[in-house]
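Here's the structure, in structure tokens; my notes come after.
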2 protein chains.
Amino acid sequence: MKPRDDKKTDQIFQAALGLVKEKGLAGITMCEIAKEAGMATGTLYIYFKNKDELINILFAECRKASAENYFQNYNAAHPFKSGFTKVWMNILKFRIANFEEVVFMDQCYHSPFINECTIKLTRQMIQSLFKLIERGKDENIFKDVDTFSLLTFMIGSIHESVKNAHYSRKPLTRPVIAAMFTMCWDGMKR
Amino acid sequence: MKPRDDKKTDQIFQAALGLVKEKGLAGITMCEIAKEAGMATGTLYIYFKNKDELINILFAECRKASAENYFQNYNAAHPFKSGFTKVWMNILKFRIANFEEVVFMDQCYHSPFINECTIKLTRQMIQSLFKLIERGKDENIFKDVDTFSLLTFMIGSIHESVKNAHYSRKPLTRPVIAAMFTMCWDGMKR
DNA sequence: AACATAAATGAATACTTGTTCATTTATGAA
DNA sequence: TTCATAAATGAACAAGTATTCATTTATGTT
């Protein structure tokens, strides 16, 4: 028998992500995805039951990849600031390098494809970030503000930087990244 | 002859915004918009040439409403901090009160409906905000960081607050808003 | 080398959705 | 009141899109 081509799933995902960034979830068709991925329309239905499943599984993959990235090379034994910096930079760099995923996930939150339940799962994933912020508060480094607000502020500085860098077509340079981080840190610290 | 019903345009816009927030640009149909707006499908085509025009005009309206709001009750004669606070609060409150518009515009940026040219116009609209930040730098209040980064940081603190408040279903309380503003200010100031 | 099996194909099908248009309804003018 | 005009309607039509399936192609097994 003929085995499945393991690369195909990834080709489909890449095609879908590229098209969504270009035209939004509104604009993509199964036919276009297949063409972009270099295969026949029918082939998509060997790897996914239907369009809905394709998008849901891609969403789950993106979420996983994003979460796995947060704490890479984070060492809790190191001083708080260096750990916090590492996580901040991880998230920033990941979002720059995977901007298509960012756009795709953003669009999914208001779509008929992703259900409430899936969104709730995503919220659970910020637990580790929550703990990081709590540590900063415990060590009397961060302001005595509720953790959720501190986290929101941290994430906001990252998200907006990445978005603006992309739309203004001005790549984030090291000095700009450093400046953004300093502002975030100064805002959060006591 | 029978005159046009001036309310209809607004009914159509409200229906479209509500549906986009619920299902995304991907999920809306002319038929649904009409039903939600309480009129026949054909009526949409009296007020708009087609779906594309409907969305483009709605986009332009949202952009205008948003921009007109920035500097309401801003008085350049007042001290910088109170003016900056006013603008920050204006934007925050506008986005809370008009979250549907926020979602709609976000979705439009990656859609086949809105073209590059329209997006560029939006960028021009941030000129007044640019000048506000410059004033803060001129008065030696803000950090000596490039204006675009300062503005990005400011906007990021607002956007993420509104988004998180909505998705977590925790309305922004006065103390939380105050805390977010303080973090933004502390981050930007020297 | 021949066979069995599943992948891959893409035109055909079924369904969805944008748009039109013949008809009805409502309003201002004569 | 009647007429002229344009709005409003929604079923019919035209496009467009998801999904299927008969056929072809490729690969592992015997």
Side-chain angles (χ1 to χ4, degrees), chain A residues 1-60 104 107-108 110-115 118, chain B residues 1-60 104 107-108 110-115 118:
Chain A
M1 66 173 179
K2 186 177 176 184
R4 280 198 188 182
D5 182 348
D6 280 344
K7 287 179 210 150
K8 284 228 158 54
T9 303
D10 198 57
Q11 283 171 30
I12 294 169
F13 282 161
Q14 290 311 314
L17 288 173
L19 286 169
V20 170
K21 194 199 140 193
E22 202 183 315
K23 312 181 168 191
L25 264 180
I28 60 167
T29 65
M30 293 300 266
C31 174
E32 275 180 304
I33 294 172
K35 204 176 287 170
E36 188 75 17
M39 60 189 74
T41 314
T43 311
L44 296 181
Y45 290 86
I46 293 167
Y47 291 84
F48 302 96
K49 205 173 71 202
N50 53 33
K51 189 179 182 182
D52 192 85
E53 187 187 274
L54 192 165
I55 289 176
N56 272 277
I57 292 179
L58 176 53
F59 182 84
F104 171 70
Q107 297 247 334
C108 280
H110 296 276
S111 78
F113 298 112
I114 305 298
N115 52 37
T118 313
Chain B
M1 67 174 180
K2 184 177 178 181
R4 280 197 189 184
D5 182 349
D6 279 344
K7 288 178 210 152
K8 284 230 159 54
T9 304
D10 197 57
Q11 283 171 28
I12 294 168
F13 283 161
Q14 290 312 313
L17 288 173
L19 287 168
V20 170
K21 194 201 139 194
E22 201 183 316
K23 311 182 169 192
L25 264 179
I28 60 168
T29 66
M30 294 299 266
C31 174
E32 274 180 306
I33 294 173
K35 203 175 290 172
E36 188 74 18
M39 59 189 76
T41 315
T43 310
L44 295 181
Y45 290 86
I46 292 168
Y47 292 83
F48 303 96
K49 209 173 70 204
N50 53 34
K51 187 178 183 182
D52 193 84
E53 188 188 272
L54 192 165
I55 289 176
N56 272 277
I57 292 181
L58 177 54
F59 182 84
F104 171 70
Q107 297 247 333
C108 279
H110 296 275
S111 79
F113 299 111
I114 305 298
N115 52 37
T118 312

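To find a chain, count down the sequence lines: A is the first, B the second, and so on, and within it residues start at 1. Everything numeric here is computed off the predicted structure, so don't read it as measured data.
- A:L54 and A:M30 get closest at one heavy-atom pair: CD1-CE, 4.1 Å.
- In terms of heavy atoms, B:P112 sits closest to A:G27 at CG-CA, 4.1 Å.
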Can you check each nucleotide of nucleotides 18-30 of chain D against protein heavy atoms at under 4.0 Å and return B for base, S for sugar-phosphate only, - for none, in 5' to 3' order? SBB-----BBB--
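- Inter-residue side-chain proximity for B:I46 and B:R4 is flagged as met; some heavy-atom pair is nearer than 4.5 Å.
- We find that CD of B:E53 is positioned 14 Å from C1' of C:dG18, with the value rounded to whole Å.
- In this structure, A:L44 atom CG and C:dA7 atom C1' are separated by 13 Å, rounded to whole Å.
- Residues meeting the side-chain contact (heavy atoms from CB on, under 4.5 Å) test with A:Q14, sequence neighbours left out: A:D10, A:L17, A:E100.
- Counting heavy atoms from C-beta on, the side chains of A:M39 and A:L44 come closer than 4.5 Å.
- Taking atom CD1 on A:I33 and atom P on C:dG10, their separation rounds to 17 Å, with Å as the unit.
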Show, in sequence, the C-alpha distance, side-chain angles and deciding distance for B:I57 and B:T9, and conclude whether the side chain to side chain contact (heavy atoms under 4.5 Å, CB included) test is met. CA-CA 11 Å; B:I57 292 181; B:T9 304; over 6 Å; no
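- Shown for residues 5-27 of chain A: residues whose heavy atoms fall under 4.0 angstrom of DNA chain C, namely A:D5, A:K8.
- Where the helix from C:dA1-D:dT30 to C:dA30-D:dT1 starts and where it ends, the local axes point in directions that differ by 10°; five pairs per end, rounded to 10°.
- Between B:F13 and B:F48, the ring center distance clears the sub-6.0 Å criterion.
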Let me check something: any side-chain donor-acceptor pairs from residues 31-38 of chain A under 3.5 Å, sequence neighbours excluded? List them with distances.
residue : atom : partner : partner atom : Å
A:E32   : OE1  : A:T29   : N            : 3.4
A:E32   : OE1  : A:T29   : OG1          : 3.4
A:E32   : OE2  : A:K23   : NZ           : 2.5

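- For the salt bridge (Lys or Arg N to Asp or Glu O under 4.0 Å) test, residues two or more places apart in sequence or in another chain that qualify with A:D5 are A:K8.
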Given side chain to side chain contact (heavy atoms under 4.5 Å, CB included), test B:H110 with A:F104 step by step and report yes or no. CA-CA 9 Å; B:H110 296 275; A:F104 171 70; over 6 Å; no
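- Between B:L25 and B:I55 there is a side-chain heavy-atom pair separated by less than 4.5 Å.
- Within the 4.0 angstrom heavy-atom criterion, no nucleotide atom of any strand lies near B:F48.
- Regarding B:I46, its CD1 atom lies at a distance of 14 Å from the P atom of C:dT27, rounded to whole Å.
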